[in-house]
Amino acid sequence: MNQKCNKKARKAYRLIAVLTIVTLLFGCMGCSKKTPREALEEAYEKTFVKNNPSESVLGISEIDSHINDNKAHSSGFSVTLQELSGKDISEFAGVLSGLGIRIDTASDLLNRKSAGTLDITYGGTKYLSLGGQLQGSKIYLTAPQLIDGSLTVDFSTLKEDLSSDSMIGQLFTMYGIELPEDLFSQLTQSLTTPASLADLGNVISAYDDLCDAILVEEADKKTVSFSSDVSYKKAYKVTIPKHAYSTLITSVLQYANDTSADLSESLGSSEQEQLDILNLKLTIQQIADIIGDIVLNVGVTKDNYICCAESSINTGAESLLFTATFTGKDNPLNDTDVVVTAAAAGQTFEIVYAQDYDTDDNEASIDLRVKLNGITELMLSGAGKYKDVVKGQKYTFDYDHIDLNLGDELSLSLSGDVYVDTTKCDIPTPSSTEHNLFRMSEDDFYTLGEEIMTNLQEDPLLSKVLNALDLGM
């Protein structure tokens with residue numbers, strides 16, 4: 001009896017095993033292994049997009065999308081000079097220490113409203129505030145410490161204003177200056193429309209072609225030489241063809257040149273130096289022929305994070321070495337180190353960059369050093385902390401210090417903050433007296449000038465500035 005049961009059990013096990021193997025075989029036939037390019041793109045997305053602190057903590061893509069859609073938002077920054085020294089500025093370095101500015105802006109372009117203020121401070125005290133506002137077709141300019149009310153320009157009535165007996169209107173008539181009927185529309189379009197859409201399309205096309213031309217292969221670990229500080233599971237070899245990057249560089253320079261020329265033309269300037277694009281293209285192609293294809297080796301961890309990258313170019317006379325490591329504990333980007341070393345004509349040039357981010361305290365720091373022949377010529381460092389963070393809506397970054405050192409030439413230290421807020425946009429219409437700039441007579445300008453001088457002399461802070469500059473009356 002037991003033998004019969006054992007035989008049945010063995011048959012059942014065999015049947016289950018056969019079915020399992022068949023299932024796996026047919027299942028795998030429906031599966032497709034990721035290509036090296038797909039695998040690396042997935043690692044890139046995870047490392048630099050989804051888990052980038054700016055995205056995972058701030059939700060920066062949502063904030064940028066809100067701003068790019070011209071939705072209402074406010075932003076601003078402040079900077080204060082804490083310390084200043086240098087061999088050629090020692091006489092007035094002490095006086096400038098404590099000087100600061102603050103710029104606050106609010107934008108609601110969908111409703112044709114925007115505003116901005118510039119505050120000049122010294123020792124933490126506000127000395128002067130300048131403001132500007134756009135409400136529909138009217139611009140308001142304010143300076144509370146200097147004039148009561150606001151100077152205004154209304155583009156909807158500009159031709160009528162200039163045809164009056166105003167001081168500026170008489171000047172326009174004297175010199176035969178005529179303004180187009182749709183001046184405001186032309187100004188708005190020139191500020192918001194790309195100057196050369198055709199060239200911009202060439203740039204986008206060249207970028208797409210470069211992306212398509214990039215070749216990604218899985219690399220043999222024996223052929224790469226990553227830093228010993230990183231632990232990687234797989235290595236990839238990324239090849240960027242010379243024809244692809246040279247075409248993109250040429251397209252970008254063409255677009256920049258034509259955009260600059262169109263902007264100068266719209267501003268009435270005809271003296272714009274043009275690049276010789278044909279010779280420039282030939283030069284870039286010659287350089288690309290010397291450099292050849294650019295090869296980048298990339299290391300990926302077992303958790304599918306990019307942890308390192310390195311590339312080198314050697315033409316015989318010149319060499320360039322690039323290395324980057326990402327070794328943060330919670331996220332590789334929280335601890336980033338980048339080194340670029342170049343050598344030519346017996347000279348060595350090195351850029352060393354380090355970045356740290358503490359996800360527990362939202363603190364960030366950077367350190368940048370530029371060296372020439374082993375001697376540090378420039379050093380830039382900074383540290384600060386994010387606060388008032390609502391992911392995808394707003395944030396403030398308080399930087400405790402930003403230090404710049406150029407050896408004996410210049411050394412300075414700054415502090416301040418930067419903020420963006422998509423939940424707030426206050427743009428109240430000025431309710432004080434309006435002075436239409438293009439309707440003011442010569443007497444009006446004289447009276448306004450006297451008002452400004454009187455306010456300067458009577459203001460307890462600004463009068464000190466006048467006396468310090470020996471401009472007091």
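The figures that follow rest on heavy atoms only: side chains count, while hydrogens, waters and symmetry mates do not. Please read all numbers here as calculations on a predicted model, not as lab measurements.
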Participant: Within the structure provided, determine whether Ile402 and Leu380 are in side-chain contact (heavy-atom separation under 4.5 Å).
Facilitator: yes
Participant: Could you tell me which non-hydrogen atom of Thr239 sits nearest to which non-hydrogen atom of Pro241, and how far apart they are?
Facilitator: O-CD, 3.5 Å
Participant: May I ask you to test the Asn297-Val295 pair for a side-chain heavy-atom distance under 4.5 Å?
Facilitator: yes
Participant: For the NZ atom on Lys221, are there more than 12 heavy atoms of other groups (residues, nucleotides or ligands in this structure) within a distance under 6.0 Å?
Facilitator: yes
Participant: Do Gln347 and Asn373 have side-chain heavy atoms sitting under 4.5 Å apart?
Facilitator: yes
Participant: I'd like to know if the side chain of Asn68 reaches the main chain of Asp64, judged simply by a donor and an acceptor atom lying under 3.5 Å from each other, with no hydrogens or angles considered.
Facilitator: yes
Participant: Please walk me through it: do Asp398 and Lys387 pass salt bridge (charged side-chain N to carboxylate O under 4.0 Å, His left out)?
Facilitator: CA-CA 8 Å; Asp398 282 336; Lys387 67 175 188 178; 3.0 Å; yes
Participant: What are the two closest non-hydrogen atoms of Val57 and Val389, and how far apart are they?
Facilitator: O-CG1, 3.7 Å
Participant: Does CD belonging to Glu83 count more than 12 external heavy atoms closer than 6.0 Å?
Facilitator: no
Participant: Looking only at atom types and distance, does a side-chain atom of His66 sit under 3.5 Å from a main-chain N or O of Ala72, one as donor and one as acceptor?
Facilitator: yes
Participant: Would you mind listing every salt bridge (Lys or Arg N to Asp or Glu O under 4.0 Å) that reaches into residues 202-214, with sequence neighbours excluded?
Facilitator: none
Participant: Measure from the side-chain N and O atoms of Ser65 to the backbone N and O of Ser61, and report whether any donor-acceptor pair falls under 3.5 Å.
Facilitator: no
Participant: Can you name the closest pair of heavy atoms from Thr336 and Leu333 and give their distance?
Facilitator: OG1-O, 3.1 Å
Participant: Please list all pairs meeting ring pair (Phe, Tyr, Trp, His ring centres under 6.0 Å) that have one or both residues in residues 297-317, counting only residues at least two apart or in different chains.
Facilitator: none
Participant: Output yes when a side-chain donor or acceptor of Thr376 lies under 3.5 Å from a complementary backbone atom of Leu378, and no otherwise.
Facilitator: no
Participant: May I ask you to check whether Asp154 and Ser156 show a side-chain donor-acceptor distance below 3.5 Å?
Facilitator: yes
Participant: With ring pair (Phe, Tyr, Trp, His ring centres under 6.0 Å) as the rule and sequence neighbours excluded, what pairs involving residues 336-367 come up?
Facilitator: none
Participant: Step by step, work out the side-chain contact (heavy atoms from CB on, under 4.5 Å) result for Leu40 and Val298.
Facilitator: CA-CA 9 Å; Leu40 187 57; Val298 181; 3.9 Å; yes
Participant: Walk me through it: do Gln285 and Thr283 pass the test side-chain contact (heavy atoms from CB on, under 4.5 Å)?
Facilitator: CA-CA 5 Å; Gln285 286 178 341; Thr283 302; over 6 Å; no
Participant: Glu38 side chain to Thr35 main-chain N or O, any donor-acceptor pair under 3.5 Å?
Facilitator: yes
Participant: Establish, from distance only, whether the side-chain atoms of Asp119 and Ser129 form a donor-acceptor pair under 3.5 Å.
Facilitator: yes
Participant: Return all side-chain donor-acceptor pairs below 3.5 angstrom for residues 315-324, not counting sequence neighbours, or 'none' if the list is empty.
Facilitator:
{"from": "Thr315", "atom 1": "OG1", "to": "Glu318", "atom 2": "N", "distance (Å)": "3.2"}
{"from": "Thr315", "atom 1": "OG1", "to": "Glu318", "atom 2": "O", "distance (Å)": "3.3"}
{"from": "Thr315", "atom 1": "OG1", "to": "Glu318", "atom 2": "OE1", "distance (Å)": "2.7"}

Participant: What do the steps show when you test His401 against Ser415 for side-chain contact (heavy atoms from CB on, under 4.5 Å), and what is the final call?
Facilitator: CA-CA 5 Å; His401 68 89; Ser415 65; 5.8 Å; no
Participant: Which ring pair (Phe, Tyr, Trp, His ring centres under 6.0 Å) pairs, counting each pair once, include a residue from residues 217-236, with sequence neighbours left out?
Facilitator: Phe226-Tyr232
Participant: Got a sec: does the NZ of Lys281 have more than 12 other heavy atoms crowding it under 6.0 Å?
Facilitator: no
Participant: Could you list the donor-acceptor pairs under 3.5 angstrom formed between side-chain atoms of residues 97-109 and any protein atom two or more places apart in sequence or on another chain?
Facilitator:
{"from": "Ser97", "atom 1": "OG", "to": "Ala93", "atom 2": "O", "distance (Å)": "3.1"}
{"from": "Arg102", "atom 1": "NE", "to": "Asp104", "atom 2": "OD1", "distance (Å)": "3.4"}
{"from": "Arg102", "atom 1": "NE", "to": "Asp104", "atom 2": "OD2", "distance (Å)": "3.3"}
{"from": "Arg102", "atom 1": "NH1", "to": "Ser78", "atom 2": "OG", "distance (Å)": "3.2"}
{"from": "Arg102", "atom 1": "NH1", "to": "Asp417", "atom 2": "OD1", "distance (Å)": "2.9"}
{"from": "Arg102", "atom 1": "NH2", "to": "Asp417", "atom 2": "OD2", "distance (Å)": "3.3"}
{"from": "Asp104", "atom 1": "OD1", "to": "Tyr419", "atom 2": "OH", "distance (Å)": "2.8"}
{"from": "Thr105", "atom 1": "OG1", "to": "Ser75", "atom 2": "O", "distance (Å)": "3.2"}
{"from": "Thr105", "atom 1": "OG1", "to": "Ser75", "atom 2": "OG", "distance (Å)": "3.0"}
{"from": "Asp108", "atom 1": "OD1", "to": "Asn111", "atom 2": "ND2", "distance (Å)": "3.2"}
{"from": "Asp108", "atom 1": "OD2", "to": "Asn111", "atom 2": "ND2", "distance (Å)": "2.9"}

Participant: Ignoring hydrogens and geometry, is there a side-chain-to-backbone donor-acceptor pair from Asp358 to Asp360 under 3.5 Å?
Facilitator: yes
Participant: Please check if atom NZ in Lys237 has more than 12 non-hydrogen atoms from other residues, nucleotides or ligands closer than 6.0 Å.
Facilitator: no
Participant: For the pair Leu215 and Val238, evaluate side-chain contact (heavy atoms from CB on, under 4.5 Å) and give the outcome as yes or no after the intermediate values.
Facilitator: CA-CA 6 Å; Leu215 175 65; Val238 181; over 6 Å; no
Participant: What heavy-atom pair brings Ser227 and Thr325 nearest, and what distance separates the two atoms?
Facilitator: CB-CG2, 4.0 Å
Participant: With a 6.0 Å cut-off (strictly less than), is the heavy-atom count around CG of Asp408, excluding the residue itself, greater than 12?
Facilitator: no
Participant: Determine whether Ser74 and Lys424 make a side-chain contact, defined as any pair of heavy atoms from C-beta on separated by less than 4.5 Å.
Facilitator: yes
Participant: Can you tell whether the side chains of Arg37 and Glu41 come within less than 4.0 Å, N to carboxylate O?
Facilitator: yes
Participant: So that I can tick it off, tell me whether Lys87 and Glu409 are bridged by a salt bridge, with the cut-off set at under 4.0 angstrom between side-chain N and carboxylate O.
Facilitator: yes
Participant: Is it true that Asp367 and Arg369 have a side-chain N and a carboxylate O under 4.0 angstrom from each other?
Facilitator: yes
Participant: Could you tell me which non-hydrogen atom of Gly94 sits nearest to which non-hydrogen atom of Tyr122, and how far apart they are?
Facilitator: O-OH, 4.3 Å
Participant: Whether the side chain of Thr117 engages the backbone of Leu130 through a donor-acceptor N/O pair (distance < 3.5 Å, no angle test) should be reported.
Facilitator: no
Participant: Is Lys34 salt-bridged to Glu42, cutoff N-O under 4.0 Å?
Facilitator: yes
Participant: So that I can tick it off, tell me whether Asp289 and Lys242 are bridged by a salt bridge, with the cut-off set at under 4.0 angstrom between side-chain N and carboxylate O.
Facilitator: yes
Participant: Is it true that Asp421 and Gln393 share a donor-acceptor pair across their side chains at a distance under 3.5 Å?
Facilitator: no
Participant: Does Ile351 reach the side chain of Val339, with side-chain heavy atoms less than 4.5 Å apart?
Facilitator: no
Participant: Tell me whether the centres of the aromatic rings in Phe48 and Phe326 are closer together than 6.0 Å.
Facilitator: yes
Participant: For residues Ser251 and Asn202, is any side-chain donor paired with an opposing acceptor at under 3.5 Å?
Facilitator: no
Participant: Which pair of heavy atoms, one from Leu296 and one from Ser311, lies closest together, and at what distance?
Facilitator: CD1-CB, 3.8 Å
